[in-house]
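Notes follow the structure.
First the proteins, then the strands, lettered A, B, ... as listed; each starts at 1.
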There are 4 protein chains.
Amino acid sequence: MNKTSKNQLRTRLKESTREAILEAAAAVILKTKTDIRMEDIAAEAGVAIGTLYNYFTSRQELMDTITQKRRSAAEAYIRQSQADTEGMQISSRLRHLFQTLFKFLEKHRAVTHHSLTFKLSQDDASGQPPLIAIVNEYVLDLLQTALQHQEIRPEYMDIYPLVISAYIKEIFAIVAEQEEGDKMPDYSTRLVELFMKGAQAS
Amino acid sequence: MNKTSKNQLRTRLKESTREAILEAAAAVILKTKTDIRMEDIAAEAGVAIGTLYNYFTSRQELMDTITQKRRSAAEAYIRQSQADTEGMQISSRLRHLFQTLFKFLEKHRAVTHHSLTFKLSQDDASGQPPLIAIVNEYVLDLLQTALQHQEIRPEYMDIYPLVISAYIKEIFAIVAEQEEGDKMPDYSTRLVELFMKGAQAS
Amino acid sequence: MNKTSKNQLRTRLKESTREAILEAAAAVILKTKTDIRMEDIAAEAGVAIGTLYNYFTSRQELMDTITQKRRSAAEAYIRQSQADTEGMQISSRLRHLFQTLFKFLEKHRAVTHHSLTFKLSQDDASGQPPLIAIVNEYVLDLLQTALQHQEIRPEYMDIYPLVISAYIKEIFAIVAEQEEGDKMPDYSTRLVELFMKGAQAS
Amino acid sequence: MNKTSKNQLRTRLKESTREAILEAAAAVILKTKTDIRMEDIAAEAGVAIGTLYNYFTSRQELMDTITQKRRSAAEAYIRQSQADTEGMQISSRLRHLFQTLFKFLEKHRAVTHHSLTFKLSQDDASGQPPLIAIVNEYVLDLLQTALQHQEIRPEYMDIYPLVISAYIKEIFAIVAEQEEGDKMPDYSTRLVELFMKGAQAS
DNA sequence: GATGAATGAGACTTCATTCAT
DNA sequence: AATGAATGAAGTCTCATTCAT
């Protein structure tokens with residue numbers, strides 16, 4: 001590390017160093033997918049390896065922190081969507097949820113990337129439910145309400161959760177494959193429409 | 001015994017060891033997800049570590065072989081489905097494809113498991129298109145035919161591939177989460193029906 | 001490592017490699033007292049670091065093994081002394097014990113060295129009683145027998161164990177300071193005599 | 001306030017910080033035996049790590065200072081005992097020495113603890129004679145005087161130093177094992193008596 | 001002078017790979 | 001061709017020391 005970057009670091013506040021490390025880790029995750037080496041994170045953050053260990057007791061803890069931050073953030077987004085659409089029709093609610101997830105994912109691309117995507121990552125020793133479980137729970141609630149209001153056909157109730165879950169995972173995948181800054185069409189509206197109306201030509 | 005038949009025997013024996021190693025590797029992958037160690041594969045196969053290197057020049061090659069075998073097998077299944085349903089309606093063709101994929105996945109659980117699932121695994125240095133690309137290509141073809149035959153609404157043509165892809169990934173996920181031998185409902189038929197008719201209550 | 005020593009190693013039997021490592025570790029302990037590095041042990045044994053881990057799962061285990069081997073060996077010596085002098089007078093028994101310890105220590109110089117000497121070494125996670133405890137227990141038994149036989153003055157019974165323990169530790173210290181191969185006077189006989197008769201000039 | 005007194009104040013303050021650090025180090029040594037970390041010493045002293053380095057150029061120097069202070073203090077005690085008992089009988093002198101050492105050790109428990117006990121600690125790079133050497137030198141002098149005065153049997157003169165040394169080490173050990181504030185019997189008197197009279201039952 | 005975050009050399013440990021038997 | 005002990009590069013983590021504030 002050269003003198004300049006070192007000085008820059010010194011002037012940074014302690015809290016921001018922690019954040020800088022997390023951001024660096026996120027960047028490395030985005031770049032390298034697996035085999036995330038502490039050395040690379042340190043280099044990306046512009047600090048020495050030892051510094052990482054001043055903020056996180058182990059590699060595991062650093063990874064868990066990233067995973068958990070992402071989950072918390074996502075959960076907040078989802079709860080917000082839930083609150084914002086209380087009482088609306090299912091189509092509006094689903095569209096809003098999809099749009100919310102798109103927004104969330106664009107903000108957290110890096111972190112979401114790290115295989116955290118849809119399964120309880122083996123790196124995550126927190127015992128917290130994986131993000132997808134949180135989403136699924138909300139979707140199930142949403143579908144049951146819609147069913148009670150007779151907005152959706154009861155005969156497919158067994159596979160609705162599965163289908164919506166598939167849509168959401170696809171949204172994750174789409175964002176993951178997108179390059180930073182790419183413009184995307186409004187998939188949310190169209191997905192919900194198709195889901196409601198079906199593909200069958202009249 | 002002449003030289004030739006002896007060599008043939010050798011070749012056959014060698015091939016079976018090779019297969020045993022691949023199966024062992026598949027089993028280990030299924031058990032451990034990541035961190036697949038050569039030592040564990042050797043133990044599972046009942047051979048020495050050195051033997052692995054008599055059949056594969058490196059860990060990478062062993063992994064690639066598994067990935068590629070799986071891809072070839074899957075491709076064969078898909079082509080078969082394509083041939084078997086030539087000229088049929090899209091709903092039948094999709095249902096058949098889904099059923100085919102279920103069958104394939106149950107046969108190749110282990111191998112499919114290894115994150116090989118839907119992206120060009122970083123372990124795969126073969127440069128071959130990932131399995132999902134093959135599926136998507138076929139699905140696109142299938143959709144275009146359906147469009148020409150006015151079986152599906154043209155206005156959602158941009159998101160059909162995406163939706164079917166989502167369904168297929170979900171199928172992969174369902175099988176992956178299933179325990180060996182679990183009985184599963186006929187998702188294929190219902191998924192296709194829902195896709196065609198939509199969720200909207202009449 | 002050069003080719004020659006490598007070949008020498010390869011021809012060594014597996015069990016002897018383990019022993020060679022333990023001996024090498026003992027030699028390093030003798031040389032460096034503290035800061036015993038795995039690298040140095042490997043170098044001393046003429047093997048690579050990784051080889052150490054083929055025989056011991058960790059540094060800790062290697063150290064514990066040394067400690068425990070030494071303890072077992074010492075215990076055997078002590079038990080033997082006990083058996084050999086059953087029924088004799090205390091002076092003979094003590095002399096025999098001292099001589100036995102001298103013999104043991106000369107055989108196990110290296111290993112005894114490593115602070116293992118008299119306390120439950122912090123390196124030893126085995127939960128076994130430290131060597132000195134074993135000795136002390138035997139000595140106490142020996143003193144009580146002598147007391148019953150009225151061979152020793154009862155009024156100092158509280159400090160006899162302490163004094164004998166001090167003698168024994170001194171024996172350990174003497175051997176530790178001795179260079180390999182040094183000739184030593186017969187401390188055992190004289191120590192016991194002095195202990196029994198006292199220093200007071202007539 | 002003139003320059004001089006200001007500097008004196010500074011010096012005094014500095015000295016007290018220095019002392020605080022040494023005491024803290026002593027406390028940590030007492031607690032942790034080995035693995036004495038600068039961070040722990042700083043925490044115990046209530047100063048920053050950097051402050052340690054304002055008073056000691058290195059960990060080594062800090063440790064050496066402790067060792068040497070202890071040696072100086074002990075030497076003063078021993079010289080005092082020597083002076084106080086000039087011309088007395090050996091039994092009185094030994095008893096006084098033992099009592100003096102007990103007193104010293106209780107005052108300096110912590111520092112004495114750190115394996116500094118009886119050998120030229122590897123931490124001590126000062127080249128000074130270890131404490132035990134100082135004691136032994138005095139004891140030798142004391143024994144030779146007693147021999148001249150025919151107070152002790154000449155035939156064990158070769159092992160007297162060794163035995164007294166063993167006693168003294170045992171005293172160190174006893175104090176080390178004692179908890180702070182434990183009450184101890186008067187070992188000094190009884191040890192000397194036993195040494196002089198012997199254990200042999202009349 | 002005090003501070004303590006940052007540093008990085010160095011120790012431990014793992015595991016893909018080699019190669020003599 | 002099979003074996004598996006030996007190898008050592010590479011990764012994680014620790015902690016004495018530095019230095020800008």
Side-chain angles (χ1 to χ4, degrees), chain A residues 1 3 5-7 9-14 17-18 21 35-42 45-62, chain B residues 10 13-14 17 35-43 45-62, chain C residues 1 3 5-7 9-14 17-18 35-42 45-60 62, chain D residues 10 13-14 17 35-43 45-62:
Chain A
M1 195 194 313
K3 199 82 189 249
S5 79
K6 190 176 169 182
N7 286 346
L9 182 64
R10 283 273 161 83
T11 49
R12 211 151 56 189
L13 295 176
K14 192 176 174 189
T17 301
R18 191 169 205 275
I21 289 171
D35 276 346
I36 292 124
R37 298 157 61 239
M38 294 301 267
E39 191 184 337
D40 292 338
I41 296 174
V47 299
I49 289 184
T51 303
L52 302 185
Y53 289 89
N54 289 340
Y55 293 92
F56 303 92
T57 60
S58 68
R59 196 190 116 93
Q60 186 67 62
E61 196 192 278
L62 173 50
Chain B
R10 282 245 174 102
L13 283 172
K14 187 169 176 180
T17 302
D35 277 348
I36 294 122
R37 298 157 66 244
M38 293 300 268
E39 190 185 333
D40 293 337
I41 297 174
V47 300
I49 291 180
T51 304
L52 302 186
Y53 287 88
N54 289 336
Y55 293 93
F56 304 91
T57 62
S58 69
R59 183 184 184 287
Q60 187 67 62
E61 195 191 282
L62 172 50
Chain C
M1 194 192 309
K3 199 81 189 250
S5 79
K6 192 176 170 181
N7 285 347
L9 183 64
R10 283 274 160 81
T11 48
R12 210 151 57 190
L13 294 177
K14 193 176 174 188
T17 301
R18 192 169 204 275
D35 276 346
I36 293 123
R37 297 156 61 239
M38 293 301 268
E39 190 185 336
D40 292 339
I41 296 174
V47 301
I49 288 185
T51 303
L52 302 186
Y53 289 89
N54 288 339
Y55 293 92
F56 304 92
T57 60
S58 68
R59 196 191 116 94
Q60 187 67 61
L62 172 49
Chain D
R10 282 241 175 104
L13 284 173
K14 188 170 175 182
T17 302
D35 276 347
I36 292 124
R37 297 157 67 244
M38 293 301 267
E39 190 185 334
D40 293 338
I41 296 173
V47 300
I49 290 180
T51 304
L52 303 185
Y53 286 87
N54 288 336
Y55 293 93
F56 304 92
T57 62
S58 70
R59 184 183 184 287
Q60 187 67 62
E61 195 192 281
L62 172 50

Just N and O in the side chain of [X]: are any of them under 4.0 Å from OP1 or OP2 of [N]?
{"X": "A/Thr51", "N": "E/dT7", "result": "yes"}
{"X": "A/Tyr55", "N": "E/dA6", "result": "yes"}
{"X": "A/Thr17", "N": "E/dA5", "result": "no"}

Rounding to 0.5 Å, atoms OG1 (B/Thr17) and OH (B/Tyr55) come to a distance of 3.5 Å
Quick check for you: to the nearest 0.5 Å, what is the distance between B/Ile49 atom CD1 and B/Met38 atom CE? 8.0 Å
Provide, to the nearest angstrom, the distance between the [atom1] atom belonging to [X] and the [atom2] atom belonging to [N].
{"X": "D/Ile36", "N": "F/dT14", "atom1": "CD1", "atom2": "C1'", "result": "16 Å"}
{"X": "C/Met38", "N": "F/dG8", "atom1": "CE", "atom2": "P", "result": "16 Å"}
{"X": "A/Ile49", "N": "E/dG10", "atom1": "CD1", "atom2": "C1'", "result": "12 Å"}
{"X": "B/Ile41", "N": "E/dC15", "atom1": "CD1", "atom2": "P", "result": "13 Å"}
{"X": "B/Asp40", "N": "E/dT14", "atom1": "CG", "atom2": "C1'", "result": "12 Å"}
{"X": "A/Arg37", "N": "F/dT12", "atom1": "CZ", "atom2": "C1'", "result": "11 Å"}
{"X": "C/Glu39", "N": "F/dT7", "atom1": "CD", "atom2": "P", "result": "14 Å"}
{"X": "A/Gln60", "N": "F/dG11", "atom1": "CD", "atom2": "C1'", "result": "15 Å"}

Would you say the base of F/dA6 and the side-chain of C/Asn54 have a donor-acceptor pair closer than 3.5 Å?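 Yes, the side chain and the base share a sub-3.5 Å donor-acceptor pair.
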Where do D/Glu61 and D/Phe56 come nearest, in terms of heavy atoms and distance?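 So the two residues come closest at OE2-CA, 3.5 Å.
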By nearest nucleotide on DNA chain F, pick out whichever of A/Ser58 and B/Gly46 is the more 5' one.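 With A/Ser58 and B/Gly46 compared, the 5'-side residue is B/Gly46.
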Which residue in the set D/Asn54, D/Ile41, D/Leu52 passes side-chain contact (heavy atoms from CB on, under 4.5 Å) when paired with D/Val47? D/Leu52
Counter-base of F/dA1, judged by Watson-Crick or G-U geometry with both distances under 3.5 Å: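 Paired with no nucleotide.
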Could you tell me the Watson-Crick or G-U partner of F/dA10, where both distances fall under 3.5 Å? Say none if there is no partner. E/dT13
Between B/Thr57 and D/Val47, which is nearer to the 5' end of DNA chain E once each is assigned its nearest nucleotide?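 In this pair, the answer is D/Val47.
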What nucleotide among E/dT3, E/dT17, E/dC12 has an atom nearest to a side-chain atom of C/Tyr53?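 For C/Tyr53, the side-chain atoms sit closest to E/dC12.
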